[in-house]
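Note: hydrogens, waters and symmetry copies are ignored here, and every other heavy atom, side chains too, is used. Note that the structure is predicted; figures quoted are calculated from it, not measured. So that the names make sense, note that chain A is the first sequence line, chain B the second, and so on, each numbered from 1.
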There are 2 protein chains.
Amino acid sequence: MKRLSIHKKQNVMRVTLAEVARRAGVSIVTASRALNGNPLVAEATKDRILAASTALRYIPNLLARGLVKDRTATVGVIILELANPFFAPMVSGIQAIAAKRAFLLVVGESRRDEEEERRLVAQFQQLRIGGIILNPVTDTLDHVMAVRSAGTPVVVMARRWEHGEYVATDDVEGGRLVAKHLLQRGYRRIGLVRMGDPNHAPVQARVQGFREVLGAAGLGIPDAWDVQVSGAQITDGIEAVERLLLQAEYPSALFVTSDRKGLGVIHRLHERGLRVPEDVAVIGYDDIPYAECARVPLTTIAVPKRSMGEMAADLLFQRHDGVGPVEPRQVLLSPKLVIRASCP
Amino acid sequence: MKRLSIHKKQNVMRVTLAEVARRAGVSIVTASRALNGNPLVAEATKDRILAASTALRYIPNLLARGLVKDRTATVGVIILELANPFFAPMVSGIQAIAAKRAFLLVVGESRRDEEEERRLVAQFQQLRIGGIILNPVTDTLDHVMAVRSAGTPVVVMARRWEHGEYVATDDVEGGRLVAKHLLQRGYRRIGLVRMGDPNHAPVQARVQGFREVLGAAGLGIPDAWDVQVSGAQITDGIEAVERLLLQAEYPSALFVTSDRKGLGVIHRLHERGLRVPEDVAVIGYDDIPYAECARVPLTTIAVPKRSMGEMAADLLFQRHDGVGPVEPRQVLLSPKLVIRASCP
DNA sequence: ATGAAAGCGCTAACAC
DNA sequence: GTGTTAGCGCTTTCAT
């Protein structure tokens, strides 16, 4: 791993602001002003500078600028998984808003690992990131509060944050919607498939709302029908069915707390010769695009995924620009029931 | 300044390398060396510096470093869509490799817009990005060649690049696999659903291989059964079926060049009362996770999505480190047929 | 309206 | 081993 020792930039003479200025016959400062749209530059001068800039193919150095400003035009995003149709649209929404302002998106995947999340936040700080939008692994957000008090705006997405700004959906309400629908359709023997992780507040909230409504109707979920799996993949849904079918009896309806697991559940139920919804009705959560194309189209709770990303980005930029109220804004969007064949 | 009850540390003295050095009683340079693992620092000194660094919560400024080195520890990634199960795993694979080396991922979505792609590449340059991995919109890659000749490694992903490094799958071969399977199962009345965009080389290649094998068997695809849609969403598959069913006759087998469209196709065929595969067999492409859970599990061509990302990142880092051969490496991975119920 | 000077925080070159 | 000296390319005062 060696490099040129004497003239490191002999092949490619980098075009700097100084070059542009020289070519335009002005000082560096004036060139900088012109390129940044500062009005205190005479039109004629400005035109000359802009012309020089394009002629030389000037590429501004964001690092130099960032060094001075102690901030870059970037948004850091941390989500649990990239390859997850629940998160991907959120990131896409953020990117759309960020692109409008020519901010770059720095994306990290925590893979539900709190350490990884902290590492990413630290790296973001090193880059003097312009702001952070994250779906945190747990509710412990001290690392992020430290960043925020250092002046970097932070918005939590798809999860609530007591001490800061967030854009989330009302998961308790979502759980209620599921329970109400099941009760209304006359189901009483009801099971649950969910991620076991007690740190995962959104799932806890969904289950809470679900139980609340069932409880009010005098119903509960037998332990044997409360299946806890470790992840949120299709395979976890498959595993859940396997475990459920070990029981002497099985429920006539299942609330599966994510669509991916729901797809796996339906898939396996079918393979095991059980009809959906006749033998077991299934309700998922998230309304991913593939829910509709499932073996039996999945009844589910729709969450405004892309909007959450867009709104989070909007909040972030407002904070960045210093507009809006001082107190943290906490946005809770409403989930909606989408009825399909798996639980009509 | 007014006093605030909650956040009181308003004037945070930024911790710089100078602070750390002072506290450790050494010069800035020595501190820099110690923190960068330069062996030319006495153990004792190094320990003192490291201690000072942690005590002060020192956060290195990557912008300053980048300004000197004219390069940052970042990888820029450009894909067509984030919310696409074909690309998301690739990005995840890249991120995994990058994270090992503490490189941050800067992600852009071109949305099949060449202008947007160029804009992103330009922004990457401004950030003095460490390398670029992209799935380009077209084969016109002059913008990227310019970047590369300025010393930034570039790897193309999921597409071939005559003049540079790439990691792709053999789409022509994939198309052949589809045709062979159909022929072997006795299908002769064969239709095609594909994205119409002539710039999209991968689809062109799939179709080319497909036609090649059919042609060798004396078969062709009637124009009426060659349905061209504008996108690669589920809805495009749905639209394709609508168009197909306007015909007097319909094919007994369909090759749909992406799984998402394939899901839409199956969905709509079913809604229109046509059985898959009895009335129409369907083969997709990509093997996204949801293909298996489709109304009728989708026969498809599996592509090593995550591996492509990982390999692209590996290539990039090799180039970055200056190891490996000088000539561009071009990796072509093999697709595999996955037989499921939609075309058994 | 324009420019000169002074850094931003760090690393590289060359001493000692 | 360690320190001194120069910048990297840009944006800020503060002059003019």
Side-chain angles (χ1 to χ4, degrees), chain A residues 1-10 12-50 52-53 56-73 125-128 150-151, chain B residues 12-50 52-53 56-73 125-128 150-151:
Chain A
M1 188 157 65
K2 61 194 116 183
R3 52 182 65 214
L4 301 176
S5 45
I6 304 182
H7 293 122
K8 127 182 190 183
K9 46 175 191 178
Q10 55 184 1
V12 190
M13 189 49 196
R14 288 222 168 279
V15 179
T16 70
L17 197 52
E19 305 274 340
V20 176
R22 186 185 319 155
R23 168 125 176 186
V26 294
S27 76
I28 295 185
V29 188
T30 307
S32 170
R33 288 199 184 103
L35 294 174
N36 289 317
N38 186 320
L40 279 89
V41 181
E43 273 305 316
T45 330
K46 184 182 223 160
D47 290 348
R48 258 194 356 264
I49 295 169
L50 258 45
S53 166
L56 294 171
R57 298 242 175 90
Y58 170 62
I59 299 173
N61 188 326
L62 294 186
L63 302 176
R65 175 197 302 227
L67 185 58
V68 175
K69 298 210 171 230
D70 201 45
R71 195 100 303 172
T72 52
Q125 280 184 278
Q126 300 182 2
L127 229 199
R128 300 298 186 257
Chain B
V12 190
M13 189 50 198
R14 246 174 226 314
V15 180
T16 71
L17 196 52
E19 304 273 340
V20 176
R22 186 186 319 155
R23 168 126 175 184
V26 296
S27 76
I28 296 185
V29 187
T30 308
S32 170
R33 289 199 183 104
L35 294 174
N36 288 317
N38 186 321
L40 287 138
V41 181
E43 273 305 317
T45 328
K46 183 183 227 161
D47 290 347
R48 244 178 26 249
I49 295 168
L50 259 46
S53 166
L56 293 171
R57 298 245 174 86
Y58 170 62
I59 299 173
N61 188 327
L62 293 185
L63 301 176
R65 177 197 302 227
L67 184 57
V68 175
K69 299 212 169 227
D70 203 45
R71 196 99 302 173
T72 53
Q125 280 183 278
Q126 300 183 1
L127 230 198
R128 300 300 187 254

When the distance from [atom1] of [X] to [atom2] of [N] is rounded to whole Å, what number comes out?
| X | N | atom1 | atom2 | value |
| --- | --- | --- | --- | --- |
| B:Q126 | D:dC8 | CD | C1' | 17 Å |
| A:N38 | C:dA1 | CG | C1' | 10 Å |
| B:K69 | D:dG7 | NZ | P | 19 Å |
| A:E19 | D:dC8 | CD | C1' | 14 Å |

Worksheet item: Which nucleotides of nucleotides 2-9 of chain C have their base under 4.0 Å from a protein heavy atom (B), which only their sugar-phosphate (S), and which neither (-), written as one string 5' to 3'?
Response: BBBB-BBB
Worksheet entry | Non-hydrogen side-chain atoms of A:L35 and A:S53 separated by less than 4.5 Å |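 They are in contact (side-chain heavy atoms under 4.5 Å apart), so the answer is yes.
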Fill in: Heavy-atom check, side chain of A:N36 versus side chain of A:R65, under 4.5 Å
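A side-chain contact under 4.5 Å exists here.
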Spacing of [X] atom [atom1] and [Y] atom [atom2] [to the nearest 0.5 Å]:
| X | Y | atom1 | atom2 | answer |
| --- | --- | --- | --- | --- |
| B:R22 | B:L56 | CZ | CG | 9.5 Å |
| A:L63 | B:L62 | CG | CG | 9.5 Å |
| A:T16 | A:N61 | OG1 | CG | 9.5 Å |
| B:K46 | B:L40 | NZ | CG | 9.5 Å |
| A:I59 | B:L127 | CD1 | CG | 12.0 Å |
| B:K69 | B:R128 | NZ | CZ | 16.0 Å |

Discussion item. Between the opening five pairs and the closing five pairs of the helix from C:dA1-D:dT16 to C:dC16-D:dG1, how far apart are the helix axes, to 10°?
Written reply: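 What I find for the helix from C:dA1-D:dT16 to C:dC16-D:dG1 is an axis angle of 30°.
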